[in-house]
Amino acid sequence: MGTPDFSVPCLRALVQAGHEVVGVFCQPDKPVGRKQELKAPPVKAAALALSLPVVQPKSLRGGEGVRLLEPMAPDLVIVVAYGKILPPDVLAFPKYGCVNIHASILPKYRGASPIHWAVLNGERETGVTSMQMDEGMDTGDILLCETTPIGENETTEDLFERLSTLGAELMLKTIAQLEAGTLQPKPQDHSQATTVGLLTKEMSAVDWGADAQTIHNKIRGLYSWPGASTTLDGKLLKLHSSRMTDKTSRGQPGEVVCSDGKLLVCCGDGRCVELLEVQPEGKKRMPAAAFLNGRRIPVGTILGQ
RNA sequence: CGCGGAGUAGAGCAAUCCGGUAGCUCGUCGGGCUCAUAACCCGGAGGUUGUAGGUUCAAAUCCUAUCUCCGCAA
């Protein structure tokens with residue numbers, strides 16, 4: 001069971017490892033894009049390409065989940081970023097229960113957007129955890145965990161990529177040990193738990209009054225969705241990538257301090273971040289140097305006003 | 001028919017309203033300066049202005065159609 005790109009490597013890994021995949025669950029198709037066309041979730045596309053049966057129930061509650069699982073008769077259900085809560089009757093249905101692959105080091109970052117928040121908070125390390133699911137939100141007993149460092153300039157998208165691969169490996173390891181009976185589930189330390197929610201577009205606007213590191217974290221943490229942004233002359237300016245600099249300035253927060261084709265912006269703590277890639281409203285994304293070539297930004301321009 | 005922006009040299013833009021030699025910054029190539037350089041100076045190449053029609057002595061510019069890209073909304 002899974003829906004977005006993150007789940008796809010797990011699905012592929014299952015097939016490649018020779019496991020019998022009796023069925024794939026994912027969210028229903030949703031209208032997407034400017035034309036509101038229905039689009040299949042990545043997991044559905046991948047499953048169809050592998051000729052696997054796909055179901056997309058609106059809900060698993062009220063016995064619906066079990067009704068769908070019955071003919072498939074799975075020994076084990078693997079859940080990776082499915083996006084739905086599994087009711088108790090579903091959790092209890094497979095012989096080995098339901099195992100979830102979660103993109104954080106539990107009990108930290110339970111919930112919907114663990115990767116985004118790890119980057120936003122400037123964490124140096126994150127990972128993937130497999131757990132025996134229970135009725136709570138990512139509260140089940142931990143089976144295995146694998147950690148990985150987060151790079152200084154790594155974006156959420158980069159991490160997604162790496163963690164989805166790591167997750168697939170961890171999943172195979174978990175299944176192997178489950179079969180061998182060598183797993184020792186460990187209850188989570190619930191007192192250390194943190195839970196994070198969904199991201200919204202309202203979070204996109206950069207507060208230049210914050211310190212430079214926080215702003216840099218925001219730009220890479222919200223990449224590529226929903227993306228960080230500010231305004232210039234009342235128009236939206238998306239910020240795709242940035243870098244910390246050693247430069248300091250006495251300018252106001254949001255003040256542009258550009259030199260040598262570089263777009264440096266002063267932050268609340270007096271340090272400057274360099275914007276590397278931006279996207280004006282109605283335009284494509286472009287390197288900062290290109291942006292400065294076409295549109296001269298006078299030093300002293302204040303962003304975000 | 002949800003609202004809106006945009007297609008001009010390799011990149012980002014100007015010129016479009018009010019038709020008349022397509023310009024700027026960067027890159028690129030050549031030369032110069034320099035101990036040296038991503039710095040500076042000089043010079044060159046590179047465009048059938050998204051596509052198709054129309055109006056006109058003349059269209060990047062006006063009219064019609066069409067394709068593509070993007071922001072918002074969802």
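Excluded from the calculations below are hydrogen atoms, water molecules and symmetry mates; all remaining heavy atoms, backbone and side chain alike, are included. Convention: sequence-line order gives letters A, B, ...; per-chain numbering from 1. The shown structure was predicted, so the numbers you read here are calculated from the model rather than taken from an experiment.
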Rounded to whole Å, CH2 of A:W225 lies from P of B:A74 at a distance of 11 Å
*With P as the reference atom in both, quote the distance from B:A14 to B:G50 in angstrom, rounded to an integer.*
14 Å
- Please state the C1' separation for the pair B:A73 and B:G4 - nearest whole angstrom. 11 Å
Using atom types as modelled and distance alone, determine if a side-chain donor or acceptor of A:S7 lies under 3.5 Å from a backbone N or O of A:V80.
yes
In whole angstroms, the gap separating C1' of B:G7 from CE of A:M286 amounts to 13 Å
Quiz question: by atom type and distance under 3.5 Å, do the side chains of A:Y109 and A:D138 form a donor-acceptor pair? no
Strictly under 3.5 Å: I want the nitrogen or oxygen pairs between protein and nucleotides 23-25 of chain B, one per line.
{"unit_1": "B:U25", "atom_1": "O4'", "unit_2": "A:R296", "atom_2": "NH2", "d": "2.5"}
{"unit_1": "B:U25", "atom_1": "O2'", "unit_2": "A:N293", "atom_2": "OD1", "d": "3.0"}
{"unit_1": "B:U25", "atom_1": "O2'", "unit_2": "A:R296", "atom_2": "NH2", "d": "3.3"}

We want to know whether A:N217 and A:T214 form a side-chain donor-acceptor pair, criterion being a heavy-atom distance below 3.5 angstrom. no
Subject >> side chain to side chain contact (heavy atoms under 4.5 Å, CB included) assessment of A:L264 paired with A:V273 >> reply: CA-CA 6 Å; A:L264 301 179; A:V273 291; over 6 Å; no
Verify the distance criterion only: is there a donor paired with an acceptor across the side chains of A:Q213 and A:R271 at less than 3.5 Å?
no
May I ask you to decide whether A:K238 forms a salt bridge with A:E277, counting only side-chain N to carboxylate O separations under 4.0 Å?
-> no
The complete set of side-chain hydrogen bond (donor to acceptor under 3.5 Å, both in side chains) pairs with one or both residues in residues 67-79 of chain A, sequence neighbours excluded, reads A:E64-A:R67
Taking for A:P287 and for A:E281 the nucleotide of RNA chain B with the nearest heavy atom, the one nearer the 5' end belongs to A:P287
Legend entry - Integer angstrom distance from the C1' of B:C62 to that of B:C17: 11 Å
Q | Integer angstrom distance from the P of B:A60 to that of B:G19 | A | 14 Å
Exercise. Take atom C1' in B:G7 and the same atom in B:A15, then report the distance between them in whole Å.
Key: 15 Å
Between CG of A:L236 and P of B:A6 the distance, given in whole Å, is 16 Å
Rounded to whole Å, the NZ-C1' distance (A:K262 to B:A39) equals 14 Å
| message | Would you measure the distance from the P atom in B:A22 across to the matching atom in B:U55 and give it in whole Å? | response | 24 Å
**Message:** Distance alone, cut at 3.5 Å: any donor-acceptor contact between the side chains of A:Q27 and A:T3?
**Reply:** no
Picking from B:A74, B:A11, B:G71, the nucleotide nearest the side-chain atoms of A:A290 would be B:A11
If the C1' atom of B:U28 is compared with that of B:A38, how far apart are they to the nearest Å? 15 Å
Closest non-hydrogen atoms of A:R110 and A:T139, given as atom of the first, atom of the second and distance, are NH1-CG2, 3.5 Å
inquiry  = At less than 4.0 Å, is any side-chain N or O atom of A:K201 found next to OP1 or OP2 of B:A73? Yes or no.
reply    = yes
Taken to the nearest whole Å, NZ/A:K283 to P/B:G4 is 18 Å
note: A:E202, atom CD; B:A74, atom C1'; distance rounded to Å ~ 13 Å
For RNA chain B, the expected dot-bracket line (Watson-Crick or G-U under 3.5 Å, [ ] crossing, | inter-strand) is .((((((..((((......[..)))).(((((.......))))).....(((((..]....)))))))))))..
Result for 5'-nearest mapping on RNA chain B, choosing between A:Q279 and A:A289, is A:A289
*asked:* Between A:D158 and A:T155 (side chain of the first, backbone of the second, donor and acceptor by atom type, cut-off under 3.5 Å), is there such a pair?
replied: yes
Taken to the nearest whole Å, CZ/A:R295 to C1'/B:G5 is 13 Å
Rounded to whole Å, the CG-C1' distance (A:L276 to B:A11) equals 17 Å
Regarding A:K238, tell me which of base, sugar-phosphate or nothing describes its non-hydrogen contacts under 4.0 Å with the strands shown.
sugar-phosphate
Taking atom C1' in both B:A58 and B:U21, what distance in whole Å separates the two?
13 Å
Short side-chain to backbone donor-acceptor contact, A:S164 and A:F6, under 3.5 Å | no
